[in-house]
Amino acid sequence: MKRILMMVIRNIFLVPPMWIKLVYYSTHVDKYTDEEHNNMLKYIVYRANKGGNVHIDAYGVENIPEKNGFMFFPNHQGMYDALAIMDACPVPFSVVAKKEVKDVPFLKQVFACLKAYMLDRNDVKQAMKVIIDVSNEVKNGRNYIIFPEGTRSKNGNQTGAFKGGSFKAATKAKCPIVPVALIDSFKPFDTNSIRKVNVQVHFLKPLYYEDYKDMKTTEIAEMVRQRIQDTIDKNQ
């Protein structure tokens, strides 16, 4: 919370107009293109990072597919994760998030701008509908993030178990799967420090449909988890 407060204080004159703009964009979603939403959000993240002593180091951007219609699968360290990826990623994307965060101020508006899907993990029927809807949107050229751990690992740079069900939307869409390794992404919001922090975002080489079509989703999940953990271990 200390860092969030510092982000606000150091951008005190920008906060009111940017908040008004964010709320307007979030309540008039269809008035703006994905690129316009993305540019607006990236500027907010840039200013917040600068004010909060957070620096993003992006690696492997060349591994992001040139053609839209793919899915990112990052490890989940904290509430800052999606913002780190937004800063590092050159293309627009949307998010599948758990419904528990849908009413959190700021995140609520960000998710609206991203046209995010909110997943109820206790409602199987709703979860299946989200999977089908996301797979259809990916087929039509939208990019998505899903956190396959389902919740924050709370173990710093040690990944938790990746759930096979998280990959069903990708297998239905037959789309590229891009593993994303986050390092120290828990430090900005999930620690009580305001010291300068470098967050690493590693976009790993994608898995294409031909690479995983004969695999079970649980096998895909473990392969992606292992690639991410190996990257973390090599770069801490």
Side-chain angles (χ1 to χ4, degrees), residues 1-59 61 64 68 72 74 76-119 134 137 141-147 152 180 182-201 203:
M1 291 301 295
K2 286 183 180 179
R3 194 181 303 274
I4 295 175
L5 183 60
M6 184 169 69
M7 288 176 171
V8 172
I9 291 173
R10 288 186 171 178
N11 289 288
I12 193 65
F13 296 110
L14 281 174
V15 168
M18 290 309 300
W19 173 251
I20 292 170
K21 188 173 184 178
L22 175 62
V23 171
Y24 187 81
Y25 270 56
S26 69
T27 53
H28 298 80
V29 174
D30 294 332
K31 186 176 180 179
Y32 301 95
T33 65
D34 289 345
E35 288 74 18
E36 288 172 324
H37 281 294
N38 187 61
N39 290 338
M40 183 268 297
L41 292 173
K42 283 177 77 72
Y43 179 73
I44 292 176
V45 172
Y46 165 75
R47 294 300 311 185
N49 286 343
K50 189 172 182 179
N53 283 343
V54 181
H55 179 75
I56 306 297
D57 293 314
Y59 303 91
V61 174
I64 298 174
N68 288 326
F72 292 118
H76 197 5
Q77 295 193 341
M79 294 181 67
Y80 184 77
D81 295 348
L83 302 182
I85 297 171
M86 182 171 293
D87 184 283
C89 185
V91 297
F93 58 81
S94 190
V95 180
V96 177
K98 58 185 180 181
K99 71 167 189 175
E100 287 83 356
V101 298
K102 71 181 180 69
D103 293 321
V104 176
F106 179 70
L107 290 180
K108 177 181 179 179
Q109 286 74 29
V110 170
F111 287 144
C113 290
L114 293 176
K115 300 180 182 178
Y117 279 94
M118 310 312 293
L119 183 68
V134 169
E137 292 206 18
R142 287 185 68 82
N143 310 314
Y144 272 85
I145 288 179
I146 290 183
F147 293 97
R152 289 175 284 175
V180 183
L182 299 175
I183 301 176
D184 292 339
S185 186
F186 65 94
K187 291 183 177 180
F189 289 170
D190 292 77
T191 64
N192 204 31
S193 172
I194 57 173
R195 292 180 179 178
K196 182 177 180 180
V197 58
N198 289 338
V199 176
Q200 297 181 45
V201 181
F203 298 100

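Remark: the D81 side chain and the H76 side chain contain an N/O donor-acceptor pair separated by less than 3.5 Å. There is a side-chain donor-acceptor pair under 3.5 Å between D57 and H55. No hydrogens or angles considered: a donor-acceptor pair under 3.5 Å links the side chains of E137 and Y117.
Of all heavy-atom pairs spanning L107 and M79, the tightest one is CD1-CE, 3.5 Å.
Proximity of the aromatic rings of Y24 and H28 is defined here by a centroid distance below 6.0 angstrom, and this criterion is met.
Not one N or O on the side chain of R3 forms a donor-acceptor pair closer than 3.5 Å with the backbone of F189.
Remark: V15 pairs with V8, N11 by the side chain to side chain contact (heavy atoms under 4.5 Å, CB included) rule, at least two apart or across chains.
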message: Is there a side-chain contact (heavy atoms from CB on, under 4.5 Å) between I64 and F93? Walk through the geometry before answering.
response: CA-CA 12 Å; I64 298 174; F93 58 81; over 6 Å; no
task: I would like to know whether M40 and C113 meet side-chain contact (heavy atoms from CB on, under 4.5 Å); could you show each step before the answer?
output: CA-CA 10 Å; M40 183 268 297; C113 290; 3.8 Å; yes
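One distance of note links OH of Y32 with CG of N38; it measures 15.0 Å at 0.5 Å rounding.
When each of V95, L114, V201 is tested with M86 by the rule side-chain contact (heavy atoms from CB on, under 4.5 Å), just one qualifies, namely L114.
A side chain to side chain donor-acceptor pair (under 3.5 Å) check over residues 82-96, counting only residues at least two apart or in different chains, returns the pairs N49-D87.
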